[in-house]
Protein chains: 2
Amino acid sequence: MRLLLVEDELEMAAALSAALGRYDMILDHAPTLDHALAALANHVHDGIILDRQLPDGDGLSLIPRVRALKSGIPVIVLTARGAVDERVRGLDMGADDYLAKPFAVEELLARIRALMRRSPDIAPMTARIGKLVFDFDGRQAQVNGQLLDLPRRELLVLETLARRQGRTVQRSTLEESVYGYDDEIQSNSLDAHVSRLRRKLADTGAGVEIHSIRGVGYLLRPSP
Amino acid sequence: MRLLLVEDELEMAAALSAALGRYDMILDHAPTLDHALAALANHVHDGIILDRQLPDGDGLSLIPRVRALKSGIPVIVLTARGAVDERVRGLDMGADDYLAKPFAVEELLARIRALMRRSPDIAPMTARIGKLVFDFDGRQAQVNGQLLDLPRRELLVLETLARRQGRTVQRSTLEESVYGYDDEIQSNSLDAHVSRLRRKLADTGAGVEIHSIRGVGYLLRPSP
DNA sequence: TGCGCCGCAACGTTGCTGCAATCCTCGTCG
DNA sequence: CGACGAGGATTGCAGCAACGTTGCGGCGCA
């Protein structure tokens with residue numbers, strides 16, 4: 001799961017990024033409307049968290065453009081506590097939900113999950129390849145009903161591959177999905193994650209394999 | 001994938017060409033609006049990267065002409081960082097996306113991919129010839145649902161031929177698609193790749209053949 | 001403070017790829 | 001009609017870049 005936070009307060013962004021990271025989510029941060037539009041053009045985000053007060057305008061003005069770009073993506077608007085009319089206006093503008101600041105991270109998470117759940121048209125809930133079942137909602141992988149306990153990076157790799165099951169995922173795409181924009185990676189860490197993930201998939205008899213295509217990328221497929 | 005860069009700075013063009021080449025993309029360079037229009041007449045490009053400041057006018061003026069020529073082709077506009085109104089105007093003029101200079105190549109690539117993904121009318125997602133199915137999104141070929149495991153160069157050859165299925169692909173065009181402009185090739189490597197690809201297509205019973213036309217090029221067609 | 005994830009680097013391995021040598025095919029011209 | 005030349009096809013080979021694997025140290029989290 002990859003979210004875009006549109007928010008000019010750096011402190012808040014850092015805190016939220018850390019918090020969501022613990023739940024295996026990637027948070028990209030856009031400090032201005034401009035940055036937000038640029039980031040959204042990539043169509044890689046599954047949801048948007050939107051502050052209203054931004055250096056270059058009202059956050060709400062982003063919503064119509066978001067809808068034009070990617071219609072069904074969930075948008076959560078952050079408002080000041082008690083400003084009822086703000087909330088109403090947000091919903092009128094097409095936001096899916098709002099949240100009063102300050103808020104508990106748990107609450108934000110719950111709302112994100114709820115919104116994900118009711119937009120099944122975007123992406124199917126689960127993917128099945130071999131004996132592996134990947135649950136995009138619960139963000140977990142199962143083999144024969146047995147939970148596959150994966151660390152964050154490996155889970156992101158598997159999730160990305162499962163999303164495009166059967167089709168090739170370019171190496172650069174995978175790097176973006178696993179590390180986000182900001183994080184520069186300067187080693188073969190990705191290969192390392194793939195390697196460890198492969199071992200786990202093999203050990204649990206998941207019936208899937210990560211096939212590599214030299215110079216192109218990887219793909220997830222049933223093992224022969 | 002073949003893109004047209006409309007940009008008068010040679011340095012920038014060279015750098016970008018080299019960078020995109022590494023990601024299996026071909027970049028043609030047009031230093032002026034005039035050159036751009038001439039290049040577009042060939043209808044071989046899958047996307048346009050457009051600078052605004054050009055010797056013979058504003059890059060944006062190209063957009064309506066592009067739309068008239070080839071309606072759905074993605075256009076990315078390059079703007080100076082921080083010039084918000086420029087960007088807005090670009091989007092109003094019908095650009096599909098914009099990018100602030102200087103930018104990371106990865107960022108550009110991500111946008112290109114995203115735009116490709118949502119313009120299915122331009123480039124059909126899949127091509128079918130004989131028993132061969134080529135998936136341009138997943139960048140892979142299948143025969144009877146079976147993945148054809150091809151290395152980078154061979155994949156590029158097949159991808160290019162499949163994209164122009166039935167029509168002849170000039171030898172020089174194919175070389176450009178496979179190697180790009182920078183990479184000089186001094187042997188018959190291309191023939192070698194074609195040869196190996198032919199063997200694989202025959203072995204898997206793909207029902208297609210790469211027919212060669214002496215002195216002109218190749219074409220992909222159902223085998224008799 | 002212990003545990004585990006993660007980035008990193010070192011090193012082994014694979015197989016793609018450019019190259020060239022050789023053979024083949026087709027068209028042309030005497 | 002036969003020889004010749006140019007362009008194409010095939011294949012072996014060696015270099016090297018991409019990929020795989022593993023161990024280590026640091027850092028964050030419980």
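Per chain, numbering begins at 1; letters A, B, ... match sequence-line order. FYI, side chains are in, hydrogens and waters are out, and symmetry mates aren't considered; it's all heavy atoms of this structure. Only a predicted model underlies this, so the values are computations on that prediction, with no experimental measurement involved.
Residues that satisfy the side-chain contact (heavy atoms from CB on, under 4.5 Å) test with Arg167(A), not counting sequence neighbours, are Arg164(A), Asp135(B), Asp137(B), Gln140(B). With sequence neighbours excluded, the residues satisfying side-chain contact (heavy atoms from CB on, under 4.5 Å) with Thr32(A) are Asp34(A), His35(A), Pro55(A), Asp56(A). Applying the side chain to side chain donor-acceptor pair (under 3.5 Å) rule to Ser189(A) yields the partners Ser187(A); only residues at least two apart in sequence or on another chain are considered. Residues that satisfy the side chain to side chain donor-acceptor pair (under 3.5 Å) test with Asp191(A), not counting sequence neighbours, are Arg171(A).
Atom pair Leu190(B):CG and dT11(D):P shows a separation of 17 Å (rounding to whole Å applied). Separating the CG atom of Leu150(A) from the P atom of dG4(C) is a distance of 15 Å, rounded to the nearest angstrom. Taking atom NE2 of residue His193(B) and atom P of nucleotide dG8(D), one finds them 16 Å apart after rounding to whole Å. Computed from coordinates, the Asp203(B) CG to dT10(D) P distance equals 12 Å when rounded to whole Å. Between the CG atom of Leu197(B) and the C1' atom of dT10(D) there is a distance of 14 Å, given to the nearest Å.
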| note | For nucleotides 16-22 of chain D, 5' to 3', base contacts (B), sugar-phosphate-only contacts (S) and non-contacts (-) with protein non-hydrogen atoms under 4.0 Å give -BBSBBB
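The side chain of Tyr179(B) contributes no N or O atom lying less than 4.0 Å from OP1 or OP2 of dT17(C). Under 4.0 angstrom from either OP1 or OP2 of dG4(C) there lies no side-chain N or O belonging to Arg152(A).
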Side chains of residues 215-223 of chain B: which donor-acceptor partners sit under 3.5 Å, not counting sequence neighbours?
{"from": "Arg221(B)", "atom 1": "NE", "to": "Glu209(B)", "atom 2": "OE2", "distance (Å)": "2.8"}
{"from": "Arg221(B)", "atom 1": "NH2", "to": "Glu209(B)", "atom 2": "OE2", "distance (Å)": "2.9"}
{"from": "Arg221(B)", "atom 1": "NH2", "to": "His211(B)", "atom 2": "ND1", "distance (Å)": "3.1"}
{"from": "Ser223(B)", "atom 1": "OG", "to": "Gly207(B)", "atom 2": "O", "distance (Å)": "3.1"}
{"from": "Ser223(B)", "atom 1": "OG", "to": "Val208(B)", "atom 2": "N", "distance (Å)": "3.4"}

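Gln142(A) places none of its side-chain heavy atoms less than 4.5 Å from the side chain of Gln146(A).
Taking the side chain of Ser187(A) as heavy atoms from C-beta on, and the options dG7(C), dC16(C), dC19(C), the nearest nucleotide is dG7(C).
At a threshold of 4.0 angstrom between heavy atoms, the contacts of Gln186(B) are confined to the sugar-phosphate backbone, with no base atom among them.
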